[in-house]
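Below: one structure, written as structure tokens.
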Amino acid sequence: MKEKLAAAIRAAAEQGIADGVFPEAELAAVELEVPPKKEMGDFATNFAMKSAKAFHKSPRQIAEELIARIARDGIDRAEIAGPGFINFYLTKDVIYDGLRKAIEAGEAYGNLPNKNLPKVQVEYVSANPTGPLHVGHGRGAAVGSALVNLLRAAGYDVEAEYYINDAGNQIDHLAESVNARYLQLCGQDVEVPEDGYRGQDIVETARRIREKDGDKYLSMPEAERLAIFKERALSEKLAALKEDLAAFNVQYDVWFSERTLHPDKVNAAVEKLRANGNIYEKDGALWLRSTDYGDDKDRVVIRAGGEPTYLAADIAYHKDKFERGFGRVINLWGADHHGYICRVKAAIKAMGGDPEKLTVMLLQMVSLLRGGEAVKMSKRTGESVTLAELIEEVGTDAARYFFVMRSPDSQLDFDIDLAKSQSSENPVYYVQYAHARIASVFRQAAETGLKESDAFALLTDESEFDLIKKIEEYPREVEKAAADLAPQRIARAAHEMASAFHSFYSRCRIMGVEPELAGARLALAGKTAQVIRHALHILGVSAPEKM
RNA sequence: GCACCCGUAGCUCAGCUGGAUAGAGCAUCGGUCUUCUAAACCGAGGGUCGCGCGUUCGAAUCGCGCCGGGCGCACCA
């Protein structure tokens, strides 16, 4: 209907030109929006205001001429409002017809047609496998997986990827830390190294190694022992990571190991940059001339000792991503990495790639609140609350909803007490409750033999119209949210859907009214439940049948 | 000093590719359960959109400059 209306407005403008009331001019794009208040109709356009310059007339005059020429098909009335908006009021038939089509689409309603674009890659979390995931990673996991679900619903072909930093210094530190704990367990007086990891999970790993194999590694040369511990620790940490993510309803298509970049792909990337004249040697190291591509300083890619930097691996990684044919690559990073964007884009440009194909989404920091107070990080280990502990305490549904409902650009105060509370304060329950209420109605309808009907013309209450319109808006909301990479909009849409339903539910009885009306209301409720389910699925939150 | 994010109701935040009287939830106050889940609904109050200047017919939204908070500025990741 929206497209039809836009076409009708264009046609009216062209007719106006043909009639000589408007001068020959390029037509502005027709934008239609749902007005801020429902008294303002079903759709509104600012087209008359946009055209004021081109048509040399006041917006209200233009609007008047347009209204006189617009096809009335499906439009009950059109009015000029405010500075020159045209408000359109659709006929009831059009609104009922929209509901009918939504119902016919079934569970797929909310999924948009395939965009037939090259694949999009979303890389998120990618935390180092050196310890458990924390709440900050939780935000990345929730937003990233919701974004993947959202883009898929909007018709994009998406691949979700986790980059495993299983090479380099931090993994050596992991091995050294496990080694120190192992030696401690064997009765030796050693300290965890300065750069080591002090978490309890490292002690556990060491303990498991000793339980299985005893003291046998003591007699081994240290380098050999470290190599063994490195692999043991890595596989344990990675398994734990995957477990945490799975428990959080997060799935990946590809687990990409950094090791597979070393040394060939890293060397190839450096060679390519060298061939382009973007590498020079200074102080024994190889430098990328990134300042030529917008960075504020040049960056070392190969250290004086011959070891590649993290950036070198990352350059090779992004080169590999684009070679895999993605039309667009989206990285979710913590906001503390924002300074890194510029150099990665510079490197892509230096290799002759298109940095516009890379979008880095930054997620601002998360702080936990309990009893109104910030939860402090542990001084000893430098660690905050783990994601597993958070899930344990508030549940996956509440945690995911809270992480996704805010804009990623805003810092998030995660109120643990609120997430746990089973009351109206808690937006997760509010949405889920609407779904459970509908499921309950359907259970009773089944008992009494009430069936859904399509006598939609009997739906005349204001709250019924509001609900139908929300349902009809939903696919556009999916489109917008995907275009803006903004899964938080889906949380909002779900909440608004629930609100419209609760309002309807308290005004209109379903059971016990005359059967045709009851059936139509049941169908409306059923469709509402489907849309809520669809939105909650994108958010990775369950849609319970009972609460 | 440079880069990025934020500053909107008492609190937490939407709205930001410019548009109508700036919205929601919570909190506060007042109503609503003999009938489908009251984890709900209805109503009320509550705002110099951080400050200033500019662009525009029109600015919370765009530009510039300040102020405040956060986060970074490695041959760490």
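In what follows, chains are A, B, ... by sequence order, proteins preceding strands, each numbered from 1.
Taking atom NE2 of A:H56 as the reference point, atom P of B:C57 lies 15 Å away to the nearest angstrom. Rounded to an integer number of Å, the gap from CG of A:N165 to P of B:A77 is 9 Å. Computed from coordinates, the A:D484 CG to B:U61 C1' distance equals 14 Å when rounded to whole Å. Whole-Å rounding puts the A:L288 CG to B:A74 P distance at 16 Å. Summarising the geometry, the separation between CZ on A:R489 and P on B:G23 is reported as 17 Å, rounded to the nearest angstrom. Distance A:I315 CD1 to B:A77 P: 12 Å, rounded to the nearest Å. The CZ-P distance, from A:R507 to B:A40, rounds to 19 Å in whole Å. Atom-to-atom, CD of A:Q488 to C1' of B:C13 comes out at 11 Å; the value is rounded to the nearest Å.
Put simply, the side chain of A:N426 and the base of B:A39 share no donor and acceptor less than 3.5 Å apart.
Closest to the A:S506 side chain, of the nucleotides B:C41, B:U35, B:A20, is B:C41. The A:K37 side chain lies nearest to B:G23 when the options are B:C36, B:A38, B:G23. Considering only the side chain of A:V441, B:C36 comes nearest among B:C36, B:A40, B:C75. Listed candidates were B:A20, B:A77, B:A39. Nearest to the side chain of A:Y429 is B:A39. Distance from the side chain of A:R437 is smallest for B:A40 among the nucleotides B:G72, B:A40, B:C36. In this structure, of B:A40, B:A74, B:A20, it is B:A20 that holds the atom nearest to the side chain of A:A81.
No aromatic stack links A:H502 and the base of B:A39, using centre distance under 5.5 Å and interplanar angle under 30°. A distance cut-off of 5.5 Å between ring centres, combined with a plane angle under 30°, leaves A:Y505 outside any stacking arrangement with the base of B:C41.
The pair A:R10-A:E3 does not count as a salt bridge, with every side-chain nitrogen at least 4.0 angstrom from each carboxylate oxygen. By the 4.0 Å N-to-carboxylate-O rule, A:R370 lies close enough to A:E393 to be salt-bridged with it. One finds a salt bridge joining A:E271 and A:R274 here, because a Lys/Arg side-chain nitrogen approaches an Asp/Glu carboxylate oxygen to under 4.0 Å. Ion pairing between a basic and an acidic side chain is recognised when a charged N comes within 4.0 Å of a carboxylate O; A:D298 and A:K282 show no such pairing. Using a 4.0 Å cut-off between a side-chain N of Lys or Arg and a carboxylate O of Asp or Glu, A:R299 and A:D295 qualify as a salt bridge. We find that A:K50 and A:E31 are joined by a salt bridge, their nearest charged nitrogen and carboxylate oxygen being less than 4.0 Å apart.
A distance of about 39 Å separates the C1' atoms of B:A44 and B:C53, rounded to the whole Å. Going from the C1' atom of B:G31 to that of B:C11 covers 25 Å, rounded to whole Å. Between B:U28 and B:C36, the two P atoms lie 28 Å apart (nearest whole Å). Going from the C1' atom of B:C13 to that of B:C5 covers 15 Å, rounded to whole Å. Nucleotides B:G25 and B:C71 place their C1' atoms 28 Å apart, quoted to the nearest Å. Distance check on atom P: B:G23 versus B:A9 gives 14 Å, rounded to whole Å. One C1' atom belongs to B:G15, the other to B:A59, and the distance between them is 14 Å to the nearest Å. Nucleotides B:G70 and B:U8 have their P atoms positioned 15 Å apart, rounded to a whole Å.
Using a 4.5 Å heavy-atom cutoff, the side chains of A:N331 and A:M361 are not in contact. Side chains of A:L458 and A:E516 form a contact here, defined as non-hydrogen atoms less than 4.5 Å apart.
A:N46 comes within 4.0 angstrom of a nucleotide base, judged by non-hydrogen atoms across all strands. Residue A:D314 is classed as having no contact, given no heavy-atom separation below 4.0 Å to the nucleic acid. Among the heavy atoms of the strands lying under 4.0 Å from A:K546 is at least one base atom, whether or not backbone atoms are also near. Across all strands, A:A44 comes closer than 4.0 Å to base atoms (heavy-atom distances). Across all strands, A:E545 comes closer than 4.0 Å to base atoms (heavy-atom distances). Nucleic acid contact class of A:R492 (heavy atoms, under 4.0 Å, all strands): sugar-phosphate only. Within 4.0 Å of A:D283, counting heavy atoms only, lies at least one base atom of the nucleic acid.
Here B:C62 sits opposite B:G54 as a Watson-Crick or G-U wobble pair (both hydrogen-bonding atom distances under 3.5 Å). Under the Watson-Crick and G-U wobble criteria, each requiring two contacts below 3.5 Å, nucleotide B:A74 is left unpaired. Nucleotide B:G18 is matched to nothing when pairs are restricted to Watson-Crick or G-U wobble geometry with both distances under 3.5 angstrom. When Watson-Crick and G-U wobble pairs are counted only if both distances are under 3.5 Å, B:G7 pairs with B:C67. A 3.5 Å limit on both hydrogen-bonding distances identifies B:G31 as the Watson-Crick or G-U partner of B:C41. The partner of B:U12 is B:A24, judged by Watson-Crick or G-U wobble contacts that both fall below 3.5 Å.
Regarding the sugar-base torsion, B:C33 falls in the syn class, its angle being within 90° of 0.
Panel note: side chain A:D283, backbone A:A285; no donor-acceptor pair is recorded below 3.5 Å.
Place A:M365 and A:Y310 on RNA chain B by their nearest nucleotides, and A:M365 ends up nearer the 5' end.
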Do nucleotides 3-12 of chain B as a string where each nucleotide becomes B, S or -: B if the base has a protein heavy atom under 4.0 Å, S if just the sugar-phosphate does, - if no protein is that close. BBSS-----B
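Within the 6.0 Å centre-distance limit, the rings of A:F256 and A:Y317 are counted as a close aromatic pair. Residues A:F22 and A:F55 bring their aromatic ring centres within 6.0 Å.
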